[in-house]
Amino acid sequence: MNKPSRVNRPSRTNRTRRRTALAGTVTLTAGLLLTSPQPASAANLVKNPGFETAGGDGMPYCWERSGWGDNDFAFTTTSDAHTGTKAMKVELTRRVDGDRKALITESAECAPTVATGRQYDLSLWYKSTTPDTSVTLFRHDTTAGWQYWTDLKTLDMAATWTQATVRTPEVPAGTDRITWGVSVYGTGSATTDDYTMEQVPDTLPPPACTGTAKECADGRWDVLPTKNPVRSMHSVVLNNGKVLLIAGSGNSEEQFKAGTFTSAVYDPATGAYKVIATPKDMFCAGHVQLQDGRVLVMSGNKAYPAADGSHGYEGFKDSYVFDPVTETYAKTNDLNDGHWYPSATILGNGDVISFGGLREDSTGSVTAELFSQKEQQWQPLWKVHQTWSYWGLYPSMILMQDGRLFYSGSHVFGNNIPGTGSAIYDYDANTVTQVPGLQRKDERDQSASVLLPPAQDQRVLTLGGGNIDSNPDANRLTDVIDLKQPDPAYTPGPLLPQGTVDLGNGPQPETGGQGKMYVSAVLLPDGKVLETGGALHNRANPVYESSLYDPQTGTFDPVAADPEARGYHSSAFLLPDGRVMATGDNPGNGTWNHNVSIYTPPYLLKGPRPRITSLIDSEWTYGDTQRITVDRPIAKAELIRPAAVTHSSDPNQRFVDLPLSVDGDNVDLNVTSNPDLAPPGWYMLFAVDANGVPSVAKWVHLQGPAALAATDASTHVHAFADAPTGKVTGPSPRRTSQPVGPTVSGCDRHYGSANVCVPTVFPPQVKPTTAARCSWLRLNHYGILKVNGADDPLRLDRDRDGTACGKGDLTGR
């Protein structure tokens with residue numbers, strides 16, 4: 001069977017909105033006799049594990065029919081048992097979508113009780129005539145009730161009784177019970193028997209701190225002795241562990257005019273940099289790793305803004321691929337349009353889709369672009385679905401588990417898109433559905449958005465932001481959305497912790513609602529998110545603050561702050577050894593911070609690290625079981641997609657849980673069968689112990705759709721976000737572009753050179769007088785500013801001598 005794609009999946013209008021239990025909770029009368037008791041096992045948390053005790057509605061005691069979708073099915077209590085006299089057979093004879101499964105009954109009487117943070121070993125015996133089966137878990141949230149949790153393991157076809165075992169992830173906070181069973185989501189049958197569920201015992205002593213008490217609580221930042229040789233604003237972690245740092249002209253008009261375009265490759269193992277020949281000004285391009293590990297770089301800067309305002313930044317149509325082996329760029333075919341500041345999202349079939357940015361004439365591009373993995377080129381316009389929507393600059397487009405894209409509302413420069421500022425984009429249906437709830441949607445300029453760990457949970461966190469046009473204090477807002485809900489909506493998250501801000505006279509504590517824009521968010525192997533860096537205003541006033549967000553508890557824990565300013569054109573990203581690297585900062589006065597910081601998280605100061613001692617195979621396919629050996633017990637393993645980050649944006653960043661089957665030091669990892677959950681490509685594989693301490697990563701290659709098709713298995717896709725009630729729009733009439741003003745970057749080009757940004761609107765604390773504005777510019781080290789042309793819209797050249805904020809301008813002011 002070929003891999004199913006979003007193109008040939010049934011429309012969501014034909015899907016059931018949620019998993020539907022076909023039988024209610026079984027009500028037992030007092031004094032019910034057990035017709036055929038099973039031998040008791042104190043450790044087994046499953047009641048009636050062999051289906052021997054009869055219940056109601058034709059199902060065994062403590063078991064219920066469940067499933068959803070358009071399919072023909074049968075549930076049979078059969079005598080073809082592994083032990084005893086009964087087993088459960090679930091069969092699909094016709095399927096359009098959905099699944100069927102026998103689950104432990106969702107009741108306090110039957111569903112096993114679990115403890116937050118603990119793990120459980122699940123086991124069952126089965127026979128199957130279809131490869132389309134999976135061990136599926138549901139959990140009971142004490143607030144939200146029963147909900148789908150995750151798929152743990154794809155079962156191989158088996159003609160004879162075969163045992164399957166798998167370990168659950170750590171139980172999320174707020175969960176008191178779980179239920180589970182085998183989902184059948186293809187034509188054929190699965191017969192199961194003899195279920196067991198046992199709590200995993202503690203295997204490790206408490207962690208022993210190997211640093212100072214403060215370091216063990218908050219981690220440690222170190223500024224490296226060697227500076228980054230290029231003005232890089234793009235950071236891409238390569239599948240050999242090195243880092244590609246792309247600068248292009250580095251936001252320097254002088255380098256642009258000289259044709260000096262640079263990149264560098266940094267080797268964390270040696271601390272060495274290698275400057276790479278760069279064919280074009282890739283300043284503010286888009287980029288993403290292709291499935292073979294090469295880096296696709298799209299568009300960049302064709303021109304800086306004109307001083308007379310006749311045009312703004314311009315994007316070119318060129319596109320390149322960087323090869324980590326040869327460390328060289330090679331040109332692809334051109335895009336259909338220019339895209340300065342484009343998005344870049346890899347899809348489950350290996351294609352790349354891109355939106356937004358500025359065209360060659362400085363207007364906003366309304367052209368969607370598609371790079372074909374099969375053809376290794378950008379597709380002509382007529383082959384790409386178009387809504388002719390303008391998504392803005394660097395719109396954060398996150399791939400959902402069913403192939404649609406979630407626009408989180410994070411973007412760059414100015415106001416958000418019209419409407420609610422967040423949406424679900426369905427490429428196949430060519431529709432955009434607005435999603436509500438994003439707070440102050442027009443103040444989320446250079447916020448950060450991440451698909452929270454694990455990707456299976458389908459929750460997105462959006463943090464901070466501001467607005468370079470109105471230039472308010474950046475905010476502390478966070479928003480969380482659960483895309484598993486039928487009608488998903490953002491809900492407010494906890495406020496970002498406050499740090500210190502440098503307003504020009506040294507760091508001082510943030511007050512009121514002060515937060516940060518230009519924030520970086522990094523997924524860590526222990527399942528937390530590091531948020532770090534940022535600034536209070538447009539290219540000014542760095543904020544020194546870092547914290548760890550725990551998706552399980554929904555809380556921030558302040559940790560050590562990067563001592564370096566990390567505002568505009570900064571980035572932070574995960575290295576394969578579990579540390580975080582931070583680079584860049586480009587304030588409005590045009591300077592650049594070449595210092596590089598390294599964060600050592602607390603988990604690296606908790607004693608010995610687990611080690612992956614062998615990796616049987618680095619080439620993985622969807623639905624596989626892959627074996628590793630470790631030198632000590634581990635609690636979880638995951639794939640983390642390497643960073644490709646710029647301007648607070650990395651929509652491809654994701655953490656994919658790998659459920660475990662554990663036999664001593666041998667650990668079998670169960671790989672998702674869904675390419676939309678883990679798009680093809682190279683990933684960092686981490687093994688993590690019960691104290692949250694990760695191994696050094698091993699690199700594994702998750703192969704593309706052809707490899708999936710070879711397994712003759714389809715993808716188990718649940719119906720998430722399938723009934724949004726927001727405004728739905730289809731394609732607009734075809735148009736050329738979206739008008740965009742030449743001051744899109746929030747900089748008034750009447751003053752200084754193109755790489756200097758005098759804000760069009762000063763921070764709210766600055767009075768609208770020449771003296772106050774010039775004082776602010778002086779505090780922020782702008783130096784002497786030439787006035788370009790005869791216009792002086794900010795009234796900085798009162799004596800009209802061609803120099804802003806000179807002595808004559810301040811006399812009597």
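Source: prediction; values computed, not measured. For the single chain, residues carry numbers from 1 onward in sequence order.
Remark: D792 does not engage R798 in a salt bridge, criterion side-chain N to carboxylate O under 4.0 Å. Ionic pairing of K280 and D318 is present here: one or more N-O contacts between side-chain nitrogen and carboxylate oxygen are shorter than 4.0 angstrom. Under 4.0 Å is where a charged nitrogen must lie from a carboxylate oxygen, and between K807 and D809 no such pair does. For E510 and R476, the salt-bridge test fails: no basic side-chain N is under 4.0 Å from an acidic carboxylate O.
Residues V559 and Y599 meet the side-chain proximity criterion, which asks for heavy atoms closer than 4.5 Å. The side-chain heavy atoms of M298 and Y320, taken from C-beta on, include no pair separated by under 4.5 Å. For the pair I276 and F322, the minimum side-chain heavy-atom distance is below 4.5 Å. For the pair S520/T532, a side-chain contact is recorded, criterion being any heavy-atom separation below 4.5 Å from C-beta on. Looking at heavy atoms from C-beta onward, V243 lies in side-chain contact with F573 at the 4.5 angstrom threshold. Between Y490 and P436 there is no side-chain heavy-atom pair separated by less than 4.5 Å. When side chains are defined from C-beta on, T500 does not count as touching Q508, because their heavy atoms never get closer than 4.5 Å. Using a 4.5 Å heavy-atom cutoff, the side chains of N541 and D502 are not in contact.
Distance CG/L438 to OG1/T420: 7.5 Å, rounded to 0.5 Å. How far CG of L393 is from CG of D445: 9.0 Å, rounded to the nearest 0.5 Å.
Just one of H234, H647, H411, H287 meets the ring pair (Phe, Tyr, Trp, His ring centres under 6.0 Å) condition when paired with Y341; it is H647. Evaluated for a side-chain contact (heavy atoms from CB on, under 4.5 Å) with F371, the options L296, L335, I353 yield exactly one hit, L296. Looking at F355, Y407, F406 one by one, the single match for ring pair (Phe, Tyr, Trp, His ring centres under 6.0 Å) with Y425 turns out to be F355. When the options I246, V288, L238, V321 are evaluated for a side-chain contact (heavy atoms from CB on, under 4.5 Å) with V295, the one that passes is L238.
Side-chain N/O atoms of S597 and D562 include a donor and acceptor closer than 3.5 Å.
Within 6.0 Å of NZ in K331 there are more than 12 heavy atoms belonging to other residues, nucleotides or ligands. In this structure, R735 places its CZ atom where more than 12 heavy-atom neighbours from other residues, nucleotides or ligands lie under 6.0 Å away.
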Practice prompt. Take S410 and S447, measure what side-chain hydrogen bond (donor to acceptor under 3.5 Å, both in side chains) needs, and give me the verdict at the end.
Written response: CA-CA 5 Å; S410 289; S447 59; 2.7 Å; yes
Fill in: Worked check of salt bridge (Lys or Arg N to Asp or Glu O under 4.0 Å) between R359 and E314
CA-CA 6 Å; R359 303 174 71 236; E314 298 176 351; over 6 Å; no
Discussion item. One pair to check against side-chain hydrogen bond (donor to acceptor under 3.5 Å, both in side chains): D281 and N301. What are the steps and the verdict?
Written reply: CA-CA 6 Å; D281 188 8; N301 181 45; 3.0 Å; yes
Worksheet item: Should Y304 and F283 be marked as a ring-ring contact (aromatic ring centres under 6.0 Å, His included) after you check the CA-CA gap, both sets of side-chain angles, and the distance that decides it?
Response: CA-CA 11 Å; Y304 280 80; F283 156 51; 5.7 Å; yes
